[in-house]
Amino acid sequence: MALSVGIGAFGAHMLEDVISSDALTVYETGVQYHMIHGLAVILAGICGGWLGESKKLRLAGLLFIAGVIIFSGSLYVLALSGEKWLGAITPIGGVSFIAGWLLLAAGALEGARKGSRY
């Protein structure tokens, strides 16, 4: 989460006059998804704490992290380098995000059915 704030601040203050407005929009999209899915990692951990250990919740957190690296990372590099081929990698990160959310929901439902610790 701290990294997403730092990357976002860097983009807002250092890149405005360096890259095109379209590239800056791509960069900002990476920051937005980075921040949202940083929160999702925390949410997966909280659910695990409340509902008990779960392979689904653990995998959800890992998929969110992979999604940040692949999705947001490819957008950062794309915006800064202009390498268009990175657009082919970005959807892999998006699929990681989707799978993470589905596993988070499945793990939370499974934990709720078993009964939480609290």
Side-chain angles (χ1 to χ4, degrees):
M1 297 287 298
L3 185 60
S4 69
V5 173
I7 290 171
F10 172 78
H13 299 290
M14 303 298 289
L15 296 179
E16 190 172 39
D17 297 329
V18 177
I19 61 176
S20 71
S21 63
D22 288 342
L24 193 56
T25 299
V26 168
Y27 188 90
E28 290 169 349
T29 299
V31 172
Q32 180 182 15
Y33 277 78
H34 188 158
M35 179 64 74
I36 290 166
H37 290 89
L39 289 170
V41 171
I42 294 168
L43 179 61
I46 289 171
C47 286
W50 282 341
L51 302 171
E53 275 294 309
S54 166
K55 289 181 183 179
K56 289 176 182 162
L57 294 174
R58 192 175 314 112
L59 184 54
L62 291 172
L63 285 167
F64 292 140
I65 292 168
V68 167
I69 292 167
I70 298 166
F71 184 89
S72 296
S74 67
L75 291 182
Y76 298 148
V77 175
L78 172 64
L80 293 171
S81 71
E83 293 291 329
K84 301 289 185 196
W85 66 269
L86 288 165
I89 295 171
T90 307
I92 297 168
V95 170
S96 293
F97 289 149
I98 293 166
W101 285 111
L102 293 172
L103 280 170
L104 179 65
L109 287 172
E110 183 178 273
R113 285 189 190 119
K114 290 179 183 177
S116 71
R117 295 185 197 184
Y118 302 101

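For this chain, numbers begin at 1 and follow the sequence in order. Any value given below was found using the heavy atoms of this structure, including those in side chains, with hydrogens, waters and symmetry copies removed. Just so it is clear, the model here is predicted, and its values are computed rather than measured.
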Shared hydrophobic cluster for L51 and I46 (ILVMFWY, side-chain gaps under 4.5 Å): yes
V68 with F71, same ILVMFWY side-chain cluster at under 4.5 Å: yes
Straight-line distance of L3 CG to M35 CE, nearest 0.5 Å: 9.5 Å
OH-CD distance between Y76 and E28, expressed to the nearest 0.5 angstrom: 11.0 Å
Could you list the donor-acceptor pairs under 3.5 angstrom formed by side chains in residues 12-25, with sequence neighbours left out?
{"unit_1": "S20", "atom_1": "OG", "unit_2": "A23", "atom_2": "N", "d": "3.1"}
{"unit_1": "T25", "atom_1": "OG1", "unit_2": "S21", "atom_2": "O", "d": "3.0"}

Cluster overlap W50 with I42, hydrophobic side-chain contacts below 4.5 Å: yes
Common cluster, V31/Y33, ILVMFWY with side-chain heavy-atom separation under 4.5 Å: no
Atom pair CZ (F64) and CG (L39), whose distance is rounded to the nearest 0.5 Å: 10.5 Å
Euclidean distance, I70 CD1 relative to L63 CG, rounded to 0.5 Å: 9.0 Å
Side-chain touch L57/E110, heavy atoms, less than 4.5 angstrom: no
Residues which pass side chain to side chain donor-acceptor pair (under 3.5 Å) with Q32, listed by chain and number, not counting sequence neighbours: none
Identify every side-chain donor-acceptor pair in residues 77-106 under 3.5 Å, counting partners at least two apart or on other chains, and give the distances.
{"unit_1": "S81", "atom_1": "OG", "unit_2": "V77", "atom_2": "O", "d": "2.7"}
{"unit_1": "S81", "atom_1": "OG", "unit_2": "E83", "atom_2": "N", "d": "3.1"}
{"unit_1": "E83", "atom_1": "OE1", "unit_2": "W85", "atom_2": "NE1", "d": "3.2"}
{"unit_1": "T90", "atom_1": "OG1", "unit_2": "S74", "atom_2": "OG", "d": "2.7"}
{"unit_1": "T90", "atom_1": "OG1", "unit_2": "L86", "atom_2": "O", "d": "3.2"}
{"unit_1": "S96", "atom_1": "OG", "unit_2": "I92", "atom_2": "O", "d": "3.2"}
{"unit_1": "W101", "atom_1": "NE1", "unit_2": "H37", "atom_2": "NE2", "d": "3.0"}

